[in-house]
There are 2 protein chains.
Amino acid sequence: MAAKTQKSRRNIELLTSSQQQLLRVIGQSGPSSRTVLAASMGLSKAAMSGIARDLISLGVLRETETVYGQGRPSILLDLHPEGAFFVGISLIEEPAPLVLSDFNGNVVARRTMPLSRNPETIAEMIAEALPKLLCERKDAGRKLAGLGIALSGFVDEKQASCVQSTLLGWQDVPLASIVKHKTGIDTFIENDAKAVAVGEKLFGSAREMQNFSIVSFDNGIGCAHFVGGKLYRGNHGGAGEIAHCTIEPNGSPCRCGKRGCLDTVASLKAIKEMARAEGLACRSLDELETEASRGNVMAIGILHRAGSALGLAIAHLIQFNDPGLILITHVEGRFDGLFGTVMRQAAEANVLPRCAGRTPIRTQRVDGDVWARGAASIAAHNFLIGPNPC
Amino acid sequence: MAAKTQKSRRNIELLTSSQQQLLRVIGQSGPSSRTVLAASMGLSKAAMSGIARDLISLGVLRETETVYGQGRPSILLDLHPEGAFFVGISLIEEPAPLVLSDFNGNVVARRTMPLSRNPETIAEMIAEALPKLLCERKDAGRKLAGLGIALSGFVDEKQASCVQSTLLGWQDVPLASIVKHKTGIDTFIENDAKAVAVGEKLFGSAREMQNFSIVSFDNGIGCAHFVGGKLYRGNHGGAGEIAHCTIEPNGSPCRCGKRGCLDTVASLKAIKEMARAEGLACRSLDELETEASRGNVMAIGILHRAGSALGLAIAHLIQFNDPGLILITHVEGRFDGLFGTVMRQAAEANVLPRCAGRTPIRTQRVDGDVWARGAASIAAHNFLIGPNPC
DNA sequence: GCCTGTTAGTTTATTTTTTGAACTTAATGG
DNA sequence: CCATTAAGTTCAAAAAATAAACTAACAGGC
C-alpha cells in the first residue's frame, strides 16, 4: 500500500477507485484538507491519510495552502500542476490551435495545425503535431492523460462521435476513435460551448459551483449546463441549444428552418446584420454601442431588441433550471453598454418577482484560446470525473 | 458477513455502503441480474453474490423474473415489496390524505387527517394518525423507513424546511424537524410537482429514464426535472418553475406580479377563467372541448391559445434541457382533443427542426392519490438514492 | 515562556470487504 | 447426449478501511 510498492509508474490510468474518487472530489470542490476530504468521501481520516500520501508521492497531488484556525492548522491538497497533462484542439478556427494544458488548466505549450474536413487527415495532422507540442515540456509525454477536441455541432453521449456538424459538413463521424487509433491517446470530442463550460468549471471562475449555466456569446449563441458538478449533456447531447428557442413568435426566418429563434435577434452576427440592414456603418457591437450612446435611434432599437431577447432567454433559463450562476463568456463585444443593461433588465423582469436578483449573471471576456483550452479540459473532465454516470 | 451474523435486525438503516449502493442502483435502473449489477457497480461477481445474498435474507431484495438467453439463465433482483415501508402525506387537499406505501410504491393503506396551517398541529395530527395507518399492515411499523410530505410551495435544498408557501401562509417553516421530533420518523418535505416526479421515477412510468421532465397539469402548472437518475431541485429549489415563465410578452397580469406567465394562459384554472370571461357555460376542459368540437369559435380560440402556450413552453424545455421524455400528468382534463393536439403541434413547431420528434411527449391521467404517493416516494428516494450529492 | 485546549494528521493491529480462480448450475443447440 | 455458453457460488488470499491511541502544530490564557 505504501507508495514505494507502486514504484515508477508510467501511465496514470491504474489508480484505485478511491484514488480516482479523491481526484474527482478535489476536481469538483477545489483544494481541501485531508479531514474535509475524508468526511466528504465518507472515509476515515486513517484511510484518507494513506490515499493522499500515495497520490502525493505519485506526483498527482500536492500540499498547497496552510489554513490556520483553532487547533493544528490544516493543509490543503490540490491537483499537482505537473501531475497530468492534456492536449486540447479547436476545430473552430483556421488554422486549428492545439494547446498543452497542465493539471491546473494552465496552457504550457501552443501550436497550430492546418484545418481539414477529412477526419483521417485531421487525425494525421494531430499525430504529426503532437510530438512537437509535447517536447516543449519535460514529462508531458509520459504524463499525457487525454486529448480533447472542440467542434461546432452535435456530439453523441459518449463524446466519441460527431452526430452532425454543419460547419464541418459531417454526419456521424467517429472522430474520437479515429484519432485514438492514430495517436494512441484517449480522445474525447465535444461541442464548443460545452467545452468552454467544462473549462470554466474545472479551471475557471465557476470552479466552486455545482449548478450553473454558461452562455457563450459570439457570432452564434451557445449554452451548457452543469448539474451536480457534472456537465449535463442532455439525452441526445442537445442540452443547452438555446440559440434556437423561439423568442419572437412569427419573427424573422432562421437558417434552422423556424422563425424568431434567439439566434436571429441576439447573436453577434444577427446584431451586425440588423445594423447593416438598417444602413448603419457599424462593423462591431462596440461601434453600435457608441452610435447608440450618441442617440442614434436605429442603433438603440437594435440593441434594445437584441438585449431583450437575450434577457428573456436567460430569464427562461433561470425559471426552468434555477442555476446558481449564469456565466456569459464573450470574445468580442461588450456587456457594459446598452445591450448588457437591457439584457440584465429583461432577465430580471421576466423571472418570478420573488426570485429576482437571486441568480447572479456574470459576464466574462475570454481570449482566443478558450476553445482549445476548453477542449483540453474535456479530456481532464473525463480523466477526473469520468464519463460514467455516478 | 453471512446474513446470520446480522440476525433479526430492527431497522434498516445500518446497511453497508455497498448494500446501499446496490439498492440505489436497482432503484434507479430497475430489476437486474447479479452479473449486470456487478458490472454496473464495478464489483466482482463474487462480491455481488455475497451482497445480494445478505440483502435477500434481510428481506430487502428478492429474485423475480428469470431471463433465458444463451447459457445459464439470469435471475433478476428487485426490491422486495415488503422490504421497507414509507408514509406519504399531501398537504394540498382538505382533508389531508396519508398513504402507506410498500417498497414497490404500492399503496397498502390509506387514511385522512384534518388539515391545519399550524405546523405543530400538523405534526400532532400525523403522530396521531400514524399508528392507525401502520397497524393495517404487519411489519410496517418495524420496517418504516421514512415519511414524506408534499406541499404547494418552495422547499429548501435539504428537503427539511418550507421556504415559502402561499397556500399555507408559511415562510421558513422547518416542518421536517418538527414532524421528526413528534413521530421519531425520518421526514422529508417536497414541492408537489417534484414529489409526483419522484413517484413516477421510482415506481411509475419513468422508471428506466435517467433524464426526463414531468409537467403536472392541474389548476396550476408544475414541473420537475430528473437529471442522471436524480431529482434536480435547482440551486434554490426552484428548478421547474415553468408556470411563471413569460410566454406572452405584455400579456395578462399574473398573480405573481409579472405579465403573460404560462400560468395565466394554459393552466386549467386559466382556461376555465377565460371561458367564463367569454361568457361560455363550460365548467371543465372536457365541456370546452365538446363545445369546440361543435365549432364554437370562442372555445376553439381559448383552447388554441392555451395549447400553443403550453406547447411553446414544452418546446423551450426540450431546447434548453434535451430530456429523454416529457411526461404530462393530469388529474382532470383531457389531452386527446384540440388542446392536446395544438400543444403537441406547437411543441414540435418550436424545436430545432432537426430535433423534432426526437423527444416523446407522453400524457398520463393519474388518480387523486398522486400527491400522497409522491410524498411517500420522496421518503423512498431519500432512503434509496440519498440526499447527498454523488 | 509555559501550560492547556483544540483540531489535523499519522500509525498500527484488527476487521471488513473484495478479488481471483476454480467450480457448480442451468440453460441452448447441434 | 454432449459440447458450448453464460450465471452464479465457493473459499483462500489480498486489499482496503477502521478504531483507537498517538504525535504535531497551532491559539490563547496566565
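By convention in this document, chain letters (A, B, ...) are assigned in the order of the sequence lines, proteins followed by strands, and residues within each chain are numbered from 1. Bear in mind that the values here come from a model prediction, so they are computed numbers and not experimental data.
DNA chain D is contacted by both A:G69 and A:A47; A:A47 maps to the nucleotide lying nearer its 5′ end (nearest heavy atom per residue). Toward the 5′ end of DNA chain C lies the nearest nucleotide of A:Q70, the other residue of the pair A:Q70 and A:M48 mapping further downstream. Nearest-nucleotide positions on DNA chain D for A:S44 and B:G71 put B:G71 closer to the 5' end.
Minimum atom distance to the side chain of A:A46 is reached by D:dT18, of the listed D:dT18, C:dT18, D:dC11. The A:K45 side chain lies nearest to C:dA8 when the options are C:dA21, C:dT11, C:dA8. Counting only heavy atoms from C-beta on, A:I75 has its side chain closest to C:dG9 among C:dA27, D:dA16, C:dG9.
Per the geometry, CD belonging to A:Q21 stands 13 Å off C1' belonging to D:dA16, to the nearest Å. B:E63 has its CD atom 8 Å from the P atom of D:dG8, to the nearest Å. To the nearest angstrom, C1' of D:dA7 lies 12 Å from CG of B:L77. Atom P of nucleotide D:dA15 and atom CD of A:Q19 are separated by 13 Å, given to the nearest angstrom. Taking atom CG of residue B:D54 and atom C1' of nucleotide D:dG8, one finds them 15 Å apart after rounding to whole Å. In this structure, the CG atom of A:L15 is 16 Å from the P atom of D:dA15, given to the nearest Å. Look at OH on B:Y68: it is 12 Å from P on D:dG8, rounded to the nearest Å.
For the 3.5 Å distance criterion, the side chains of A:S29 and A:E208 fail to qualify, holding no donor opposite an acceptor.
Within the 4.0 Å cut-off from OP1 or OP2 of C:dG5, not a single side-chain nitrogen or oxygen of A:R72 is found. The phosphate of C:dG9 (OP1 or OP2) has no side-chain N or O of A:S74 nearer than 4.0 angstrom.
Distance OG/A:S18 to CZ/A:R24: 9.5 Å, rounded to 0.5 Å.
Results of the salt bridge (Lys or Arg N to Asp or Glu O under 4.0 Å) test with B:E82 over B:R142, B:R62, B:R137 single out B:R137 as the only residue that passes.
Between A:K194 and B:D322 there is no salt bridge, since no side-chain nitrogen of the basic residue lies less than 4.0 Å from a carboxylate oxygen of the acidic one. In this structure, B:E200 does not pair ionically with B:R207, as no charged nitrogen and carboxylate oxygen lie closer than 4.0 Å.
Using a distance-only test at 3.5 Å, with no hydrogens or angles considered, no donor-acceptor pair links the side chain of A:N211 to the main chain of B:N235.
Of the residues in residues 33-43 of chain B, those with a non-hydrogen atom less than 4.0 angstrom from any atom of DNA chain D are B:S33, B:R34, B:T35.
The side-chain heavy atoms of A:K201 and A:L231, taken from C-beta on, include no pair separated by under 4.5 Å.
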